[in-house]
Amino acid sequence: MAVIGYEDIVRVPKALLHDHLDGGLRPGTVVELAEAVGHPLPTTDPDELGRWFVAAADSGSLERYLETFAHTVAVMQTVEGLHRVAAECALDLAHDGVVYAEVRFAPEQHLERGLSLDEVVEAVLAGFAEGSAAAAAAGRPIRIGTLLTAMRHAARSQEIAELAVRHRDVGVVGFDIAGAEAGFPPTRHLDAFEYLQRENFHFTIHAGEAFGLPSIWQAIQWCGADRLGHGVRIVDDITTGAEPVLGRLAAYVRDKRIPLELCPSSNVQTGAAPSIVEHPIGLLRDLRFRVTVNTDNRLMSGTSMSREMALLVEAFGYGYAELQWFTINAMKSAFIPFDERLAIINEVIKPAYAKLLS
Ligand SMILES: O=c1[nH]cnc2c1ncn2[C@@H]1O[C@H](CO)[C@@H](O)[C@H]1O
Ligand SMILES: [Zn+2]
């Protein structure tokens, strides 16, 4: 079969579980919004700014990578800014062929100009609704679920968890914690996770990216995470050789089908993986972990869902069968209700791939 190209990948339906709203702005939008609020940028040329984000995020350290968010968060402090960024996010994902996306952001970072947490969430939800409607009108339907993130170094997780539950029937489908991982274990936020469990709510935890197995273990066994944000360092618990041997934690993650939200380009930039070719996604897929492919931060990685898949096709020789497998894995692991996940799998994803695989 011919090698699958980038344009072929844009055409197939894709599902995305791990994408940060404040990591996916269009460079031109950052420039315009920064001018409107008087925020100084490293450059006001959109192309140059796009390159600046990628270069600055290419630091080999999660902490340095995260510093680049100062420039996106700064322009997302008003209803107009949040609304526009969310609407453009929906449109950009839809035009990349993403049919289902969970997009996350941390409301507590958007209060600098006087908005309340609820106002921040409402502005983003309205933006997603507008962008999704415009995408559907353009023949590119997309369903977006919002995840609310609490910053792990801060102390507002309980409040953000309650905010998420308050908006559960209007588009917020889950909760997350993000930010620097080393020194900020998930158990710092145990109260929030226990609250969410009592509310029968869903959550994922950034774990196993910049810190290893103890972080993953806590996220699952203490906090009860449904999914792992990254989780890539689960490979530290796998001994490779002629026959790979799984340690107890890796075996548990695989046995319980705990979804791994892998983000190849982001991992290379933060030093969590040495390169795309050497990215553990190859091994984890071969071992049939519940692997999903994600963008993390499209702006900081200069990427898209199609580009991440194209990189994997190039590095590992994947074909449509593997791309469908990643996509169905993601859809099975989504935080929307089971019947709605099934409908997207059976009515959108499978028919599109069936044509290509026959
Ligand atoms: O890969 C990541 N690991 C940890 N935290 C991250 C990553 N990408 C983004 N954020 C953090 O999540 C916040 C809310 O979206 C961002 O502002 C950034 O600080
Ligand atoms: Zn992330």
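Values reported hereafter were calculated over all heavy atoms of this structure, with side chains retained and with hydrogens, waters and symmetry mates removed. Please read these numbers as outputs of a predicted model, since none were measured by experiment. Order of appearance sets the numbers: ligands from 1, and atoms from 1 within every ligand.
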Discussion item. Are Phe326 and Tyr318, when compared by the centres of their aromatic rings, separated by less than 6.0 Å?
Written reply: yes
Worksheet entry | Same apolar cluster (I L V M F W Y, side chains within < 4.5 Å links), Ile344/Ile144 | yes
Worksheet item: In degrees, rounded to 10 degrees, what angle do His206 atom NE2 and His18 atom NE2 make at the Zn ion (ligand 2)?
Response: 90°
Worksheet item: Which N/O/S atom belongs to Asp296 and is the closest one to the Zn ion (ligand 2)?
Response: OD1
Worksheet item: Counting both backbone and side chain atoms, is some N or O of Thr149 under 3.5 Å from an N or O of ligand 1?
Response: no
Worksheet item: Taking the six-membered ring for Trp, are the ring centroids of Phe175 and Phe201 within less than 6.0 Å of each other?
Response: no
Discussion item. Just to check, does Met300 reach to within less than 4.0 Å of ligand 1 when the distance is taken from its heavy atoms?
Written reply: no
Item to complete: Mind telling me whether His206 and His230 have parallel, tilted or perpendicular rings, with 30° and 60° as the class edges?
Response: tilted
Fill in: Closest contact, heavy atoms only, Tyr100 versus Ile142
N-CG1, 4.4 Å
Item to complete: Nearest heavy atom to atom 9 (C) of ligand 1 wins, so pick from His20, Arg152, His18.
Response: His20
Item to complete: With heavy atoms of Gln109 as the reference, note each atom of ligand 1 found under 4.0 Å away.
Response: 13 (C), 14 (C), 16 (C), 17 (O)
Worksheet item: Do Arg166 and Glu199 meet the salt-bridge criterion of a basic N to acidic O distance under 4.0 Å?
Response: no
Worksheet item: For ligand 1, is Gly179 a contact, meaning one of its heavy atoms is under 4.0 Å away?
Response: yes
Discussion item. For atom 8 (N) of ligand 1, what is the closest protein heavy atom, and at what distance to 0.1 Å?
Written reply: Asn297 ND2, 3.0 Å
Worksheet item: Do Asp58 and Tyr65 have side-chain N/O donor and acceptor atoms under 3.5 Å apart?
Response: no
Item to complete: Ignoring angles and geometry beyond distance, decide whether Tyr65 reaches within less than 3.5 Å of ligand 1 through its nitrogen or oxygen atoms.
Response: no
Worksheet item: Quick one: nearest non-hydrogen protein atom to atom 3 (N) of ligand 1, plus distance?
Response: Glu209 OE1, 2.7 Å
Worksheet item: Is the closest heavy atom of Glu181 to ligand 1 under 4.0 Å?
Response: no
Worksheet entry | Any N, O or S atom of His20 closer than 2.8 Å to the Zn ion (ligand 2) | yes
Fill in: Nearest heavy atoms of Ala178 and Asp176, plus distance in Å
CB-OD2, 3.9 Å
Response to the item:
Closest non-hydrogen atoms of Val291 and Arg285, given as atom of the first, atom of the second and distance, are CG2-N, 4.0 Å
Item to complete: Any atoms of ligand 1 less than 4.0 Å from a non-hydrogen atom of Asp296? List them with their elements.
Response: 1 (O), 2 (C), 8 (N)
Item to complete: Grab the two heavy atoms, one from Asp236 and one from Gly212, that are nearest each other, plus how far apart they are.
Response: OD2-CA, 4.4 Å
Fill in: For atom 17 (O) of ligand 1, the protein heavy atom that lies nearest, with its residue and separation
Asp22 OD2, 2.4 Å
Item to complete: Take the angle between the ring planes of His153 and Phe184 and call it parallel below 30°, perpendicular above 60°, tilted in between.
Response: perpendicular
Discussion item. Need the ligand 1 atom indices (1-based, order shown) with element for anything under 4.0 Å from a heavy-atom of Phe105.
Written reply: 15 (O)
Fill in: Side chain, backbone, both or neither: the part of Thr72 lying under 4.0 Å from ligand 1 by heavy atom
neither
Worksheet item: With backbone taken as N, CA, C and O and side chain as the heavy atoms from C-beta onward, which portion of Thr270 lies under 4.0 Å from ligand 1: side chain, backbone, both, or neither?
Response: neither
Worksheet item: Taking NZ, NE, NH1 and NH2 as the nitrogens, is one of them in Glu88 or Arg26 under 4.0 Å from a carboxylate oxygen of the other?
Response: yes
Worksheet item: Any idea which atoms of ligand 1 are less than 4.0 Å away from a heavy-atom of Met151?
Response: 13 (C), 19 (O)
Item to complete: Output the list of atoms in ligand 1 that are nearer than 4.0 Å to some heavy atom of Leu66, sorted by atom number.
Response: 5 (N), 6 (C), 7 (C), 9 (C), 10 (N), 11 (C), 18 (C), 19 (O)
